[in-house]
J.: 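One structure, pasted below without further comment.
Numbering starts at 1 and runs along the sequence shown. The shown structure was predicted, so the numbers you read here are calculated from the model rather than taken from an experiment. Order of listing sets the numbers, starting from 1, for every ligand and every atom in it.
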Amino acid sequence: MGLTAAEKILKEHIVAGNFNKGEEIGIRIDQTLTQDATGTMVYLQFEAMNIPRIRTELSVSYVDHNTLQTDFRNADDHRFLQSAAKKYGLYFSRPGNGICHQVHLERFGIPGKTLLGSDSHTPTGGGLGSLAIGAGGLDIAVALAGGPFYITYPRIVGVHLTGELQDMCSAKDIILTLLKRETVKGGVGKIYEYTGPGVKNLSVPQRATITNMGAELGATTSLFPSDEVTREFLALQKRENVWQPLSADPDARYDRVIEINLDKIVPMAACPHMPDNVVEVCSLAGKKVDQIAIGSCTNSSITDLGIAADILKDKTVAENVSVGISPGTKQVLDTAVVTGIYHNFVSAGARILETACGPCIGMGFAPNSGAVSLRTFNRNFKGRSGTADASVYLVSPETAAASAVSGVITDPRTLSGIELKDYSEAVVINDNMIIPPVPEEVAAGVEVLRGPNIKPCPLGKKVGDDINAKVLIKAEDNITTDHIMPAGAKILPLRSNIPEISKHVFEAVDPHFYDKAVKYNGGIIVGGDNYGQGSSREHAALAPMYLGVKAVITKSFARIHKANLINFGIVPFTFTNPEDYDTVSEGDDLSIPDVPKTLKEGGAVIMENRSNGKKIPLSYSLDGRQVDILLGGGLLNYTKVNSGK
Ligand code: MIC
Ligand code: SF4
């Protein structure tokens, strides 16, 4: 039987386990990427492994999230990351060079390679035909040390594309359409692989918009084939030499096939506060807008900015709207300058922000109270913009720019007289903000520079015999890691300091969470379906671990967060009967007996709710390696012990 494109890459990289669906496999990682908000922990963890130099083919440390620098802390992190990159043999992409996923796509991604990144949108690289997966920082540290990355062999969903996008309809509208159909948890345990005659009608940046937002489906990753379009993109990047073809065999079998006719795609918008709350833009037409933000790793290519600039050309942004543009990379910004795109923005009254994540993660450009903010980004979780009561709608650059001119939500198909130019060939290449690795002899003499806010990564504790603890919080369905461990300008600078950042766990949901965790010396978190969706930030597991959280019991978990909990020694249980969720309340005293023995032997877990006497069966889906990690006090301890053998 033939293989899908994803299976071909998996097969070529498998180093542990059997090639059977649903079983855990270990794959070799060729490339890694980190960004600064998760990266400091990665290199502290790598340092703790005592390995002199990275063992991947290529690894890049990017600085793109924490660039606000309101005090010394962000800048100290940058200095730490730059010196650690030099010491351990990584490329370093300096602040200002751009958002990790976009820079990686342009300058480093290679079809057929595996890429592991400490950011959930790493699958952006799937637009170029690489198998790119987001993971917690500790998994990246292990990959840097040459260890395999473990995933459950995913189900592969074929997305069969036919037709061609119509004017003013975009790749963003394709992925929003898919999110409407599949929902934010529809992709858990799956790879979305794009096939069919419509694929050739999408450019690499368009494909990357789609694979980027595959993260919002909860998918393990998304993948496009590598074809002539890919070759042309790489040729423009002067990297044609790394091109190689990749496609599914004609008789490849998919677990499910979804048909999408691109001719039928229309402008879509994800309404507050979930990326799958999708409607047609025309149904929102006329709604007053306060803010528009164009950029992020989803829609900040030169094509995206070019479209917006062509729509804004010779116009002025509406009086009631503040428009912010954050170019994805230095290459995009440079190209925007030489092509006149930048001039169109400035002359229309748009505010040009830094080449970084910026407003996407609440690092400045927060909207006004109660604002309607249209963003070309990928997440619209409540409060993520920095304004708790803002309503964020996710839209395409076409819709964003059309609405910037009118001041109300506008279906871009209603515009007339717009001439859209093709800027894709005007690429300005200049890698002077990427510092390459130095030879090992030089690296040996490099000192890793720390600041006072950079504290060591705490180690997990072994799981005790019985877990007797209080329910600290009972959370709903679809809790995001932004709920668990908020980001934004105030909290992001604490990413290198776990004791400090721990004070903010669940802050926006329950301001007393930290005090309760301290008072009861830890506890248990109870959650609903798809608990921990969204980002890869391991701080959403690391900080609860630091506060003494011993177990998280939910109806179901998002992939990366579950892996992060295991990595830090917190046991992820699910309710065997989801309705038992209703029998547990905040403050209840729960008792889970004989945890290590039960996990080891694979026996049944019956939890007692001592507050109401109910006996509740719990399930766990953990293989032997994961049980060993949990019982050994987390992955860092486990790796130290096992690499010492
Ligand atoms: C995000 O978009 O939520 C982030 C910020 O990029 C995170 C990583 C982080 O929290 O540092 C992600 O997507 O993984
Ligand atoms: Fe940065 Fe936003 Fe992309 Fe996360 S989603 S990497 S914060 S641009």
J.: For the residue pair T32 and S59, what are the closest heavy atoms and their distance?
T.: OG1-OG, 2.6 Å
J.: Is the ring centre of F506 less than 6.0 Å from the ring centre of Y514?
T.: no
J.: Which is closest to atom 11 (O) of ligand 1 by heavy-atom distance: R495, M485, M41, H65?
T.: R495
J.: Do me a favour and list the nearest non-hydrogen protein atom to atom 10 (O) of ligand 1 with residue, atom name and distance?
T.: R537 NE, 2.6 Å
J.: Of all the heavy-atom pairs spanning F345 and L305, show the shortest one and how long it is.
T.: CZ-O, 3.3 Å
J.: Could you walk me through whether H104 and Y62 satisfy the side chain to side chain donor-acceptor pair (under 3.5 Å) test, starting with their C-alpha distance in whole Å, then the side-chain angles of each, then the deciding distance to 0.1 Å, before giving a yes or no?
T.: CA-CA 9 Å; H104 208 87; Y62 292 92; 2.8 Å; yes
J.: Checking a contact table here: which protein heavy atom is nearest atom 8 (C) of ligand 1, and how many Å away?
T.: Q35 NE2, 3.2 Å
J.: Which atoms of ligand 2 are found less than 4.0 Å from any heavy atom of C297?
T.: 3 (Fe), 5 (S), 6 (S), 8 (S)
J.: So, C360 and atom 1 (Fe) of ligand 2: N/O/S under 2.8 Å, yes or no?
T.: no
J.: I need the atoms of ligand 2 closer than 4.0 Å to a non-hydrogen atom of N378, numbered in the order shown.
T.: 5 (S)
J.: Answer with yes or no whether the side chains of N378 and N212 bring together a donor and an acceptor at under 3.5 Å.
T.: yes
J.: Which of the numbered atoms in ligand 2 are under 4.0 angstrom from any heavy atom belonging to H65?
T.: 1 (Fe), 4 (Fe), 6 (S), 7 (S)
J.: If we set the cut-off at 4.0 Å for heavy atoms, which region of D119 has an atom near ligand 1: side chain, backbone, both, or neither?
T.: both
J.: Can you list the atoms of ligand 2 that are under 4.0 Å from a heavy atom of S296?
T.: 8 (S)
J.: Closer than 4.0 Å to some heavy atom of D119 - which atoms of ligand 2 meet that?
T.: 6 (S)
J.: Among all protein non-hydrogen atoms, which one is nearest to atom 2 (O) of ligand 1, and what is the separation to 0.1 Å?
T.: R384 NH2, 2.8 Å
J.: So, for F46 and Y88, is the gap between ring centers shorter than 6.0 Å?
T.: yes
J.: Answer yes when R107 and D431 have at least one side-chain N-carboxylate O distance shorter than 4.0 Å, and no when they do not.
T.: yes
J.: Taking only heavy atoms of H121 into account, list the atoms of ligand 2 that are under 4.0 Å away from them.
T.: 5 (S)
J.: Please report which non-hydrogen protein atom sits nearest to atom 7 (C) of ligand 1, along with the residue it belongs to and the distance in Å to one decimal place.
T.: S535 CB, 3.3 Å
J.: Could you tell me which atoms of ligand 2, counted from 1 in the order shown, lie closer than 4.0 angstrom to a heavy atom of R384?
T.: 2 (Fe), 5 (S), 7 (S)
J.: For I361, take its heavy atoms, then give the atoms of ligand 2 lying under 4.0 Å from any of them.
T.: 7 (S)
J.: Considering only the protein, which heavy-atom contact is closest to atom 13 (O) of ligand 1, and what is its distance?
T.: S120 OG, 2.6 Å
J.: If you measure from the Lys or Arg side-chain nitrogens to the Asp or Glu carboxylate oxygens, is any gap between D304 and K172 under 4.0 Å?
T.: no
J.: I need the contact type for Q35 against ligand 2. Using non-hydrogen atoms and a strict under-4.0 Å cut-off, is it side chain, backbone, both or neither?
T.: neither
